[in-house]
Protein chains: 2
Amino acid sequence: MTKKSKRETDTSTEEKIKEAARKVFLQKGYSATRTRDIAEEAGINLALLNYYFRSKEKLFYEVMQEKMQQFFGELLSIVNDDSTKLETKIELIVSNYITVLSENPELPLFVLSEMKGHAEKIKKILPVQKISNNISFIRQLKERRPDINPIHFLMNILGMTVFPFIARPAFNHIAATNKNELDSILKEREKLIPLWVKAMLKAK
Amino acid sequence: MTKKSKRETDTSTEEKIKEAARKVFLQKGYSATRTRDIAEEAGINLALLNYYFRSKEKLFYEVMQEKMQQFFGELLSIVNDDSTKLETKIELIVSNYITVLSENPELPLFVLSEMKGHAEKIKKILPVQKISNNISFIRQLKERRPDINPIHFLMNILGMTVFPFIARPAFNHIAATNKNELDSILKEREKLIPLWVKAMLKAK
DNA sequence: AAATGTTTTAATCATATGTTTAATTTATTT
DNA sequence: AAATAAATTAAACATATGATTAAAACATTT
């Protein structure tokens, strides 16, 4: 067995804390999370949280940065890629989100809620270069539909794809669906949404 | 001037507290809201909050119930109405949400976040009868597209309509849009979304 | 093995926060 | 006007919570 210093055993204390923080922050949000919740979830002494991360806030921003990257990162790569055509981009955006959010259903509500709550500080840690007017995806949409602001189509794709995860509790209540039923419906959307978006692009 | 008892002056203390609670809870969410924030916003002594509403929690559930009604109530009336045809229902849903959310942009993120955080207690105060399979809107969708689970179309309409309000901070960052620009884009969607949904209903 | 450095712990601190109390002011009834 | 009831206030309470401290346990270097 390879030698390891104590701090890199199994999973390091630091990583245990961060993993616990991911879980608790995503489940409860920043304000409802107690540092004691995180310590308990991580199975460590409360003081270690401050020893490794200085403060609840600093730990939060590490998690937040990571989660914003997870939520926006791949999207931005896709829309920026000059080498894929519009139809392919649409398919990639949808299938990426359905995959990521199926594994991480709390991600969008967490990211969007906390972006609202910490608006100022968030600007500094945005992993997100602005989508300029010159970006591949926007140019392609303008070319296809010069009569419609391309941001509409971005809203449509993200709305159709991401919203069902955000509103999952509501769909569970409102519509008579159980967890498995809803999961399979969400999977179906991976194929359906690109078809619908293409239909929208043609609609006059 | 008509005589009024003290508690019904101008706006009553109780109503001032509730109005302040609406504002602060919607802005910050349940956990980040301090009862002192509400008292200050209402311009009343802190103890009056408990005098009129017993606890932060009770006050919160009054606001929450009201906001769930505001968010789901009209939708449910529309989808339940046998006397409107499918196309009209779609237009009504979209225009209702765009109107309500333009006045109350924090509503959907608040309702959906807090529904997640208080899942159990929420069930009891849901103003929301389940949308059964037998409801007008669902029957109409099944008739039009027997090959697609009608819930998909509900997700699409709500996703396209509501998501931009939820993700507004993100759209402000990601896309180079300012507040007014985004407002006018959102207004445009009132006409566009019904067209797109109709195109989706036809898409094969 | 001693010395030094690092990690962990239990206890404590300082402040924040929801709520209550007891007294005071204001309004209503007799 | 006196008596009673309702509304309001300042102060305090009890607990929760983020953070710190000082000592102990453990690991590494000399």
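From a predicted model like this one, the values you see are computed outputs, not experimental measurements. Proteins get letters first, then strands, A, B, ... in listed order; numbering begins at 1 in each.
- In this structure, B:I44 atom CD1 and D:dA7 atom P are separated by 14 Å, rounded to whole Å.
- Following rounding to the nearest Å, B:F53 (CZ) and D:dA7 (P) show an atom-to-atom distance of 13 Å.
- Straight-line distance from the CG atom of B:L59 to the P atom of C:dT17: 17 Å, rounded to whole Å.
- Salt bridge status for A:K85 with A:E91: absent, with no side-chain N to carboxylate O gap under 4.0 Å.
- Regarding A:E15, its CD atom lies at a distance of 15 Å from the P atom of C:dT7, rounded to whole Å.
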List the protein contact pattern of nucleotides 11-19 of chain D with one symbol per nucleotide (5' to 3'): B for base contact, S for sugar-phosphate-only contact, - for none; contact means a heavy-atom distance under 4.0 Å.
------BBB
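- Considering only residues two or more places apart in sequence or on other chains, B:E19 meets the salt bridge (Lys or Arg N to Asp or Glu O under 4.0 Å) condition with B:R22.
- Computed from coordinates, the B:E40 CD to C:dG18 C1' distance equals 17 Å when rounded to whole Å.
- One finds no salt bridge joining A:E40 and A:R34 here, because no Lys/Arg side-chain nitrogen approaches an Asp/Glu carboxylate oxygen to under 4.0 Å.
- What separates CD1 of B:I17 from P of C:dT19 is a distance of 13 Å, to the nearest Å.
- As rounded to whole Å, 17 Å separates atom P of C:dT24 from atom CG of B:L48.
- Under 4.0 Å is where a charged nitrogen must lie from a carboxylate oxygen, and between B:K123 and B:E120 at least one such pair does.
- A donor-acceptor distance shorter than 3.5 angstrom exists from the side chain of B:E114 to the backbone of B:Y30, with no hydrogens or angles considered.
- The phosphate of C:dT8 has OP1 or OP2 within less than 4.0 Å of a side-chain N or O from A:Y52.
- OP1 or OP2 of C:dT7 has not a single side-chain nitrogen or oxygen of A:T13 nearer than 4.0 Å.
- Taking a cutoff of 4.0 Å between a charged side-chain nitrogen and a carboxylate oxygen, B:K179 and B:D183 qualify as a salt bridge.
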